[in-house]
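What follows is a short report on a single structure.
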Amino acid sequence: MAQFSAQLDGVFVALADPTRRWVIQRLGHGPTSVGDLAREFPMTLPSFMKHVQTLESNGLIRTTKSGRVRTCVLNRERLALVDDWLAEQRRIWEERTDRLERLVTDQQEDQQ
């Protein structure tokens, strides 16, 4: 997983902001224009575009422009990177707790 470290770091940085997490959540329902997304926040469009650019530069979304409308689409494959990392962490901790449980159980059996 070390080869994905820089990519994973960027994804977590992008997801650290509540505005960007909301955008990801909203795009889970389907593609949406930047204008429609931006209407939900009390900030200027240039400020909101910085959030879009952060998400796009970290591969979480893709944007396309048709005329004056820029549409955002969620890149679900990139979210799989986070899912894979979390699954690995879960596996590691489950193994550790299983070993701890065996140790405690073995000690209890030895005492009896």
Side-chain angles (χ1 to χ4, degrees):
M1 203 53 146
Q3 71 270 23
F4 298 112
S5 181
Q7 294 175 358
L8 193 58
D9 290 350
V11 169
F12 279 128
V13 166
L15 293 174
D17 184 272
T19 299
R20 294 190 289 262
R21 286 193 307 271
W22 182 89
V23 169
I24 294 295
Q25 182 179 357
R26 172 55 190 85
L27 292 176
H29 299 288
T32 306
S33 73
V34 169
D36 287 343
L37 292 169
R39 276 191 209 104
E40 299 293 323
F41 298 96
M43 64 179 76
T44 64
L45 187 57
S47 294
F48 185 78
M49 281 303 295
K50 289 180 183 179
H51 289 289
V52 170
Q53 290 166 350
T54 298
L55 291 168
E56 190 169 26
S57 68
N58 286 291
L60 290 165
I61 67 171
R62 286 185 232 103
T63 64
T64 57
K65 191 168 184 179
S66 178
R68 294 179 54 180
V69 177
R70 182 168 294 281
T71 302
C72 300
V73 178
L74 183 62
N75 180 4
R76 295 178 191 277
E77 293 85 29
R78 190 59 154 195
L79 288 174
L81 183 68
V82 174
D83 192 41
D84 293 346
W85 183 83
L86 288 172
E88 177 68 13
Q89 299 309 305
R90 190 175 303 112
R91 184 190 63 75
I92 290 168
W93 281 101
E94 286 173 355
E95 286 176 3
R96 288 178 181 175
T97 57
D98 289 347
R99 284 194 308 261
L100 179 60
E101 181 181 14
R102 283 193 303 272
L103 176 69
V104 170
T105 303
D106 290 347
Q107 285 180 350
Q108 288 174 347
E109 288 174 358
D110 290 343
Q111 290 176 358
Q112 293 177 356

Query - Pairing residues for R21 by the side chain to side chain donor-acceptor pair (under 3.5 Å) criterion, not counting sequence neighbours - result: none

Query raised in the report: Which residues satisfy the side-chain contact (heavy atoms from CB on, under 4.5 Å) test with R76, sequence neighbours excluded?
Result: L74

Report summary line: Sorted by chain and residue number, the salt bridge (charged side-chain N to carboxylate O under 4.0 Å, His left out) partners of R62 (sequence neighbours excluded) come out as E77

Query raised in the report: To the nearest 0.5 Å, how far apart are CG in L45 and CZ in R70?
Result: 10.5 Å

**Report entry** Where N58 and R78 come nearest, the two heavy atoms and their spacing
**Finding:** O-NE, 2.9 Å

**Report entry** Main-chain N/O of A14 paired with R20 side-chain donor or acceptor, under 3.5 Å
**Finding:** yes

Query raised in the report: Under a 4.5 Å side-chain heavy-atom rule over Ile, Leu, Val, Met, Phe, Trp and Tyr, are W22 and L55 clustered together?
Result: yes

Query raised in the report: Side-chain contact, heavy-atom cut-off 4.5 Å: I24 with L79?
Result: yes

Query raised in the report: Which residues satisfy the side-chain contact (heavy atoms from CB on, under 4.5 Å) test with Q25, sequence neighbours excluded?
Result: none

Query - Atom pair SG/CG of C72 and L27 - distance to nearest 0.5 Å - result: 6.0 Å

**Report entry** side-chain contact (heavy atoms from CB on, under 4.5 Å) partners for V82, two or more places apart
**Finding:** L8, V11, F12, L15, L86

Report task. Indicate yes or no: does E88 engage R91 in a salt bridge with an N to O separation below 4.0 Å. Result -> yes

Query - Inter- and intrachain pairs under ring pair (Phe, Tyr, Trp, His ring centres under 6.0 Å), touching residues 53-83, at least two apart - result: none

Report summary line: Those residues at least two apart in sequence (or on a different chain) that pass side chain to side chain donor-acceptor pair (under 3.5 Å) with E56 are T63

Query raised in the report: Taking only residues two or more places apart in sequence or in another chain, which ones pass side-chain contact (heavy atoms from CB on, under 4.5 Å) with R39?
Result: D36

Query - Side chain to side chain, V23 and V52, heavy atoms closer than 4.5 Å - result: no

Query - Contact summary for N75 and G59, nearest pair of heavy atoms - result: ND2-O, 2.8 Å

Query raised in the report: Among all residues two or more places apart in sequence or in another chain, which pass the side chain to side chain donor-acceptor pair (under 3.5 Å) test with S47?
Result: T44

Query raised in the report: What about M49 and V13, same hydrophobic cluster or not, with Ile/Leu/Val/Met/Phe/Trp/Tyr joined at side-chain heavy-atom distances under 4.5 Å?
Result: no

Report summary line: In this structure, CG of L37 is separated from OG1 of T32 (nearest 0.5 Å) by 5.0 Å

**Report entry** ring pair (Phe, Tyr, Trp, His ring centres under 6.0 Å): pairs with one or both residues in residues 47-80, sequence neighbours excluded
**Finding:** F41-F48

